[in-house]
Amino acid sequence: MTSQRRALVVRGGWAGHEPVKATDLFIPYLREQGFAVQVADSPAPYADAELMGATDLVVQCMTMATISGEEVAGLVSAVEAGTGLAGWHGGIADAFRASADYLQLIGGQFAAHAAREAPGERTGDQSDNYVRHRITMTPAAAAHPVTAGVADFDLDTEQYWVLTDDYIDVLATTTTATRPWAPWQRPVTCPAVWTRQWGRGRVFVATPGHTVEVLEDPNVRTIVERGLLWASR
């Protein structure tokens with residue numbers, strides 16, 4: 001009999017992403033898949049080498065926030081040794097902005113979400129940044145266990161413009177359109193779902209997931225659930 005896999009859910013940071021509600025969507029799924037789940041409200045457990053060595057999967061939902069040198073070193077070391085790391089939206093792609101080591105581990109960083117309305121027409125709430133956009137599968141997506149069988153789909157939510165490197169394996173992209181009032185003068189295509197091999201560990205990132213409602217979209221939820229399992233040791 002194999003021993004039970006262990007997942008560490010690290011959640012917190014900016015409250016607008018509802019880190020508790022968002023991760024609570026997936027904790028029951030992890031338990032159904034046989035994981036023992038531990039929850040933390042800070043990255044402090046990353047500095048616990050014994051804990052991280054016994055952890056098969058880290059699910060992170062910690063937008064912005066800060067991380068110490070010891071904590072990020074512990075996370076990086078664990079992933080290099082085989083611990084999986086997975087997350088969505090700002091909880092993984094807009095976390096710990098000041099840590100170059102963390103950014104290198106993830107392979108991409110949120111830069112912007114282009115507004116829906118012209119400056120004088122915005123209301124000042126989060127919906128200003130909700131735009132109808134398409135998540136487009138790459139050719140590699142058809143054969144990948146995270147995305148096999150998932151077709152292109154549309155969302156009406158924040159569309160992440162991310163800065164990435166070419167050491168990511170892109171499974172889906174999204175293209176930010178031009179706006180008459182915006183400084184960019186041609187559409188910009190960015191990764192929307194990617195994976196990354198780091199040492200013996202796997203990293204999974206999906207940029208959709210601004211609200212619980214987005215995470216409940218059948219396509220998004222399927223991709224995230226599969227991504228969690230794919231990343232795990």
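None of these values were measured; they are calculated from a predicted model.
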* Asked: Are any side-chain N or O atoms of Thr207 and backbone N or O atoms of Ala192, one a donor and one an acceptor, separated by less than 3.5 Å?
  -> yes

* Are Val203 and Ile223 in one and the same hydrophobic cluster, where Ile, Leu, Val, Met, Phe, Trp and Tyr link if side-chain heavy atoms are under 4.5 Å apart? -> no

* Under 3.5 Å, side chain of Asp41 to main-chain N/O of Gly12, donor-acceptor pair present? -> no

* Asked: Do the side chain of Arg196 and the main chain of Leu105 share a donor and acceptor less than 3.5 angstrom apart?
  -> yes

* To do: Considering only NZ, NE, NH1 and NH2 on the basic side and carboxylate oxygens on the acidic side, decide whether Asp24 and Arg11 come within less than 4.0 Å.
  => yes

* Asked: Is the count of non-hydrogen atoms from other residues, nucleotides or ligands lying under 6.0 Å from Glu50 atom CD greater than 12?
  -> no

* **Geometric cation-pi criterion Arg221 and Phe26, 6.0 Å radius, 45° cone** => yes

* **Gln33 side-chain N/O to Leu229 backbone N/O, donor-acceptor pair under 3.5 Å** => no

* Side chain Gln197, main chain Gly201, donor-acceptor under 3.5 Å -> yes

* Check whether any side-chain N or O of Asp128 sits under 3.5 Å from a backbone N or O of Thr123 as a donor-acceptor pair, and report yes or no. => yes

* Around atom CG of Asp125, are there more than 12 heavy atoms of other residues, nucleotides or ligands at under 6.0 Å? -> yes

* Under 3.5 Å, side chain of Ser127 to main-chain N/O of Tyr130, donor-acceptor pair present? -> no

* To do: Would you sort out whether His17 and Thr63 count as a side-chain hydrogen bond (donor to acceptor under 3.5 Å, both in side chains), showing the intermediate values?
  => CA-CA 8 Å; His17 284 155; Thr63 305; 2.7 Å; yes

* Asked: Counting N and O atoms only, with roles assigned by atom type, does the side chain of Arg186 sit under 3.5 Å from a partner on the main chain of Trp184, one being a donor and the other an acceptor?
  -> no

* Among Glu18, Glu158, Gln159, side-chain hydrogen bond (donor to acceptor under 3.5 Å, both in side chains) partner for His210 -> Glu158

* Asked: Would a distance-only check, ignoring hydrogens and angles, find a side-chain to backbone donor-acceptor pair under 3.5 Å from His144 to Val146?
  -> yes

* To do: Taking atom types as modelled, find out whether Tyr167 and Gln104 have a side-chain donor-acceptor pair closer than 3.5 angstrom.
  => no

* Structure fact -> Paired with Phe110, the ring-ring contact (aromatic ring centres under 6.0 Å, His included) test is passed by just one of Trp14, Tyr160, Trp161, namely Tyr160

* To do: Indicate whether the side chain of Asp56 and that of Thr83 have a donor and an acceptor atom separated by less than 3.5 Å.
  => no

* Is Asp169 paired with Arg202 through a side-chain N to carboxylate O contact shorter than 4.0 Å? -> no

